[in-house]
Amino acid sequence: MTTTIDIRALTKHYGATPVLDGIDLGVGSGVTGLLGPNGAGKTTLLRCLATTLAPDSGEIRAFGLDPADRGQRTALRRRLGYLPQNPGAYPHFTAFELVDYVAILKEITDRRERHREVRRVLAEVDLSDRAGTKVRKLSGGMRQRLALAQALLGEPDLLILDEPTVGLDPEQRMRFRALVSRLGEDRTVLLSTHQTEDVAALCERVVVMRGGHVVFEGTPAGLATAASGQVWLSDHPPAASRLFWRTADGRYRTLGERPAGAVPAAPAIEDGYLLLLGDAAGVAA
């Protein structure tokens with residue numbers, strides 16, 4: 001893997017609380033998924049990478065650029081697109097006007113070129129027919145797609161997406177996956193999500209965070225393998241298990257120690273993820 005992002009000993013505190021606690025991480029080209037429970041530090045890490053938040057200590061290099069240096073930070077911003085977790089919107093702008101405004105901020109100064117680029121990214125997210133619609137009249141899913149459109153302006157080399165599928169229906173999520181998988185063919189995409197199925201469908205690499213630390217780096221298949229020998233199916237609810245659920249066929253899927261009468265089940269990404277979280281997911285670590 002050719003590393004495009006290199007993070008060393010990164011720390012960030014909010015008051016006395018460590019949110020990033022000495023993160024070491026390398027990210028290469030393609031699509032990398034970032035998983036973790038609320039409070040794991042995912043959004044803080046992405047904000048540091050997007051240069052909207054300065055870490056307390058440690059180093060970040062993206063394409064060899066150091067965002068701690070003002071000139072290099074500006075150069076990096078020209079090469080990245082960022083979809084924050086809670087993107088702001090101007091409700092009285094039309095979809096076209098909002099993306100056009102962001103394009104101006106991204107220094108696309110030629111009006112004809114800029115409008116061509118705005119139309120391109122609106123088409124990428126299937127909002128061409130909503131270009132003249134006021135943002136306040138768009139559905140939640142459409143607003144999320146509009147936020148993605150502004151992140152795609154200028155065809156950035158680095159795309160940072162924080163919970164990008166929130167509010168998308170199944171068809172929109174499928175279109176999103178198709179778009180991101182294509183984008184990942186020739187650039188670096190880092191996306192944070194709670195959806196393990198998005199990671200399984202999209203990501204060549206996956207990073208799991210817990211409590212400001214990286215607890216897993218590897219492939220989605222490797223994350224599933226982490227649960228080998230700890231996933232079980234039984235006909236009755238287990239008496240002592242801390243985590244189980246009833247499946248669609250009426251059987252019970254259990255993580256952890258083998259319940260009486262249970263048979264082994266093939267592990268999935270979600271199983272490995274939940275077991276890695278340990279007590280944070282209600283499973284013994």
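Source: prediction; values computed, not measured.
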Sub-4.5 Å side-chain heavy-atom contact between [X] and [Y]:
| X | Y | result |
| --- | --- | --- |
| V206 | T219 | no |
| W245 | Y252 | no |
| L34 | T193 | no |
| I7 | L45 | yes |
| L202 | F176 | yes |
| I269 | P220 | yes |
| V214 | V208 | no |
| F93 | P91 | no |

Are [Y] and [X] connected in a single hydrophobic cluster, I mean Ile/Leu/Val/Met/Phe/Trp/Tyr linked by side-chain heavy atoms less than 4.5 Å apart?
| X | Y | value |
| --- | --- | --- |
| V231 | L274 | yes |
| L122 | Y90 | yes |
| L83 | V121 | yes |
| V189 | V125 | yes |
| M174 | V199 | no |

Sidechain-backbone polar pair: [X] side chain, [Y] backbone, donor-acceptor under 3.5 Å:
| X | Y | value |
| --- | --- | --- |
| K42 | E163 | no |
| W232 | A260 | no |
| Q172 | D169 | yes |
| R258 | A262 | yes |
| D56 | H13 | yes |
| K12 | P18 | no |

Counting only heavy atoms not in [X], do more than 12 fall under 6.0 Å of its [atom1]?
| X | atom1 | value |
| --- | --- | --- |
| E257 | CD | no |
| H194 | NE2 | yes |
| R120 | CZ | yes |

Nearest heavy-atom pair of [X] and [Y]: which atoms, and what distance?
| X | Y | answer |
| --- | --- | --- |
| L277 | P37 | CD2-CD, 3.6 Å |
| D186 | L183 | OD1-O, 3.2 Å |
| L168 | G141 | CD2-O, 3.6 Å |
| G41 | L20 | O-CD2, 3.5 Å |
| L275 | A227 | CD1-CB, 3.5 Å |
| S192 | L46 | CB-CD1, 3.6 Å |

Pairwise distance [atom1]([X]) to [atom2]([Y]) - rounded to 0.5 angstrom:
| X | Y | atom1 | atom2 | result |
| --- | --- | --- | --- | --- |
| H236 | R246 | NE2 | CZ | 12.0 Å |
| I60 | L49 | CD1 | CG | 5.0 Å |
| L35 | L276 | CG | CG | 10.0 Å |
| T52 | R77 | OG1 | CZ | 8.0 Å |
| T254 | L243 | OG1 | CG | 8.0 Å |
| R119 | D100 | CZ | CG | 10.0 Å |

request  = Return the set of residues passing salt bridge (Lys or Arg N to Asp or Glu O under 4.0 Å) with D271 (not counting sequence neighbours), or none when no residue passes.
outcome  =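 Here the qualifying residues are R253.
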
ask   = Passes side chain to side chain contact (heavy atoms under 4.5 Å, CB included), Q195 versus R173? Steps please.
value = CA-CA 11 Å; Q195 305 291 334; R173 180 170 283 132; 4.2 Å; yes

message = The criterion is side-chain hydrogen bond (donor to acceptor under 3.5 Å, both in side chains); which residues satisfy it with T44, sequence neighbours excluded?
response =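 T44: side-chain hydrogen bond (donor to acceptor under 3.5 Å, both in side chains) contacts with Y14.
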
ask   = Can you name the side-chain hydrogen bond (donor to acceptor under 3.5 Å, both in side chains) partners of E185, sequence neighbours left out?
value =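 For E185, no residue satisfies side-chain hydrogen bond (donor to acceptor under 3.5 Å, both in side chains) once neighbours in sequence are set aside.
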
task = Could you walk me through whether E204 and T32 pass side chain to side chain contact (heavy atoms under 4.5 Å, CB included), step by step?
result = CA-CA 6 Å; E204 297 133 75; T32 298; over 6 Å; no

task = Each residue besides V166 in its hydrophobic cluster should be listed here, by chain and number; the cluster joins Ile, Leu, Val, Met, Phe, Trp and Tyr at side-chain heavy-atom distances under 4.5 Å.
result = none

Please output the side-chain donor-acceptor pairs of residues 130-140 that fall under 3.5 Å, not counting sequence neighbours, one pair per line with the distance.
residue : atom : partner : partner atom : Å
K134    : NZ   : H92     : O            : 2.9
R136    : NH1  : H92     : ND1          : 3.2
S139    : OG   : M142    : N            : 3.2

ask   = For V27 and T3, what are the C-alpha separation, side-chain angles and deciding distance, and is it a side chain to side chain contact (heavy atoms under 4.5 Å, CB included)?
value = CA-CA 5 Å; V27 178; T3 301; 5.9 Å; no

Step-by-step ring pair (Phe, Tyr, Trp, His ring centres under 6.0 Å) determination, Y273 to F216 = CA-CA 9 Å; Y273 169 62; F216 177 86; over 10 Å; no

message = Can you confirm whether the side chains of T4 and T188 place a donor and an acceptor under 3.5 Å from each other?
response = yes

request  = Using only heavy-atom distances, determine whether the side chains of D198 and T165 contain a donor-acceptor pair under 3.5 Å.
outcome  =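 Side-chain D/A pair, D198 to T165: present.
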
Show the atom names and distances, to 0.1 Å, of all donor-acceptor pairs under 3.5 Å that link a side chain in residues 152-160 to residues at least two apart or in another chain.
residue : atom : partner : partner atom : Å
D157    : OD2  : R79     : NE           : 2.9
D157    : OD2  : R79     : NH2          : 3.2

query = Is D66 salt-bridged to R61, going by a charged N under 4.0 Å from an acidic O?
reply = yes

Candidate pair R114 and D110, rule side chain to side chain contact (heavy atoms under 4.5 Å, CB included), full reasoning = CA-CA 6 Å; R114 189 176 69 246; D110 181 86; over 6 Å; no

key: Test log, rule salt bridge (charged side-chain N to carboxylate O under 4.0 Å, His left out), inputs D126 and R145   = CA-CA 8 Å; D126 297 312; R145 286 151 57 198; 5.1 Å; no

